[in-house]
Amino acid sequence: MPGAPAPAASPAPPPRGVTRVFVRLKLSLLRNGLRQSAGRRAAYIASVALALLCTALQLLGLVALRGNTHAAIVCVLLTAVLALGWAVMPLFFPSGDETLDATRLVMLPLRPRPLVRALLVASLVGIGPLFTLCLAVGAAVALAHGAAAAVTGVLAVVLTLLVCVALARAVAAANIRLLTSRKGRDLAVLSGLVIAVGAQVVNFGAQKLGSSGLDTLDPAADVVRWLPPAAALGAVDSVSDGAYARAAAQLVLCAAALAALLALWQRSLTRLMTTPDGSTLAAAAPDKGTSRTSGALAGVLPSGRTGTVMERSLRYVWRDPKTKAAWVTSLAIGLIVPVFNALQGTGTVYFACFAAGMLGVLMYNQFGQDTSAFWMVAMTISSPRDAYVELRGRAFALLLITLPYATLVTGVTTAMLGDWPALPEVLGLSFALLGAMLATGAWSSTRFPYSIPQEGYKNVAPGQAGLAWISILGGMVAAALLCAPVLAVTIWLHASGAASWTWLLLPLGTAYGAAVTELGIRLAAPRLARRLPEILTAVSKG
């Protein structure tokens, strides 16, 4: 009413804590992700069960080390390796956790310091932090002897967990512009190479440790125990030995590292919140080298449709992240397996055939890498002849890289083992294996095509995993059967004492591989021409 006193404003409800909101957001992201499909729920539950089993075994194993003379070495080095994993995983798997991308928060009226605190607490929700917590608890139990060491162990566990999480977040925030850009996603291509090399290095190191013992790691442990977060667990061992001053210095070092990481994280968030995103400006500039590259490549390749198909396939290898990742992984593993086995003294020159086998697998599911763009290729195929030239061009593109690479790996392996007389024989076997895999790959690509999703890190679209297994495993078994004649000749020459004639396997294997490849492509071409609509539907599901 006019003249009536205005009603007293009701007090505003107290603002909900930012930390609480972000924890609920993290839980909602996990819950909504599981609601997408039953297959995703099953995969998540299976991964959680496997992670919990590994965590429990890791915890029991570390507790069992209590009182062992090498407990400090194992715990300190294991913590350092775990921290390294926290540092590099955001670079290789930026989409593994949606909350890693701080650019999604730029429109929110949040100050950096409360945001850092909220994100840090929310980051403690997940399987990774639980695994890290259990490992730190197990290491502290193994190293703590006495009440003072037990109290130090509690502080060390907290510092270890916080340093690992803050390290991952600081690295992700500092590189998030790169990781979320189109070109920056190619960084994930290195994950296959790192995993392949890392697995072989771990295997090589484990064999060396098995023969020489853990005492050889003492110098490395003495250095690592002063590097955060391993220094926190080193402090527990120092208190158990009565070195309180050294333990205090190690704890202070870890606390300083945590403060520095939080400051770096806060600075990166401030820069993200206040500066425009210029990561794509370079992409808008014209590519001045495109015409020169295209002309140089066209001058080397054959003319006609064969050269066009080869150029397209090679451009996929260079530009498409999924195709590039497959090639990098295959090239790395194909070289690492024979070389590392030769270094360990347990390999033979026949391991060089692994290079041809790894690259031959890339012939399978040729049309899946095209995804929905395959319809443009399908429009140019109107007869079995067109299909034959298409398959032949794709095979030639693979051979352009595989033949010199297999020759190089075979030469390196032979030189390391000093078995030069076996070089022609192994090259012949490699070329025969490569031809068999190209033949079965061409047929399998037309019989069992499946889609490769462009987003994320899955290589098979949901519901097509069975097709992928049949295509690859069935094709590899068929390739092994196709190589049986050349393998039989090899065995016969060695068994009959005619090893001096094994050089004949080089021309024999080369001719056999070329003939099998030609036969496989000719048999697959009519099927490709007939099943174009079905193949297009299958490869477009991603």
Practice task
Would you check if Leu335 and Tyr405 make a side-chain contact, meaning some heavy-atom pair closer than 4.5 Å?
Solution key: yes
Exercise for the section: Taking Lys26 for its side chain and Val125 for its backbone only, find out whether a donor-acceptor pair lies under 3.5 Å. Expected result: yes
Handout entry: Distance (rounded to the nearest 0.5 Å) between Leu124 CG and Leu119 CG
Key = 11.0 Å
Problem - Side-chain donor/acceptor of Lys324 to backbone N/O of Trp318, under 3.5 Å - result: yes
Handout entry: Close side-chain approach of Val339 to Phe351, heavy-atom, < 4.5 Å
Key = no
Problem - Validation row: Leu78, Leu62 side chains within 4.5 angstrom (heavy atoms) - result: yes
Handout entry: Exam field: side chain Arg394 to backbone Gln366, donor-acceptor pair closer than 3.5 Å
Key = yes
Handout entry: Beyond-backbone contact of Ser238 with Gln250, side-chain heavy atoms, under 4.5 angstrom
Key = yes
Exercise for the section: List for me each residue that meets side chain to side chain donor-acceptor pair (under 3.5 Å) alongside Arg66, sequence neighbours excluded, and say none if there are none. Expected result: none
Practice task
Verify the neighbour count for atom CH2 of Trp226: are there more than 12 heavy atoms of other residues, nucleotides or ligands below 6.0 Å?
Solution key: yes
Problem - Tyr450 backbone acceptor or donor facing Asn365 side chain under 3.5 Å - result: yes
Exercise for the section: Please tell me if the side chains of Ile333 and Thr329 come closer than 4.5 Å, counting only heavy atoms from C-beta onward. Expected result: yes
Fill in the blank from the handout: Per side chain to side chain contact (heavy atoms under 4.5 Å, CB included), Phe131 is matched among Leu52, Leu59, Leu82 by Leu82
Practice task
Kindly indicate whether the side chain of Trp86, heavy atoms from C-beta on, has any atom under 4.5 Å from the side chain of Pro229.
Solution key: no
Handout entry: Main-chain N/O of Ala243 paired to Asp241 side chain as donor or acceptor, under 3.5 Å
Key = no
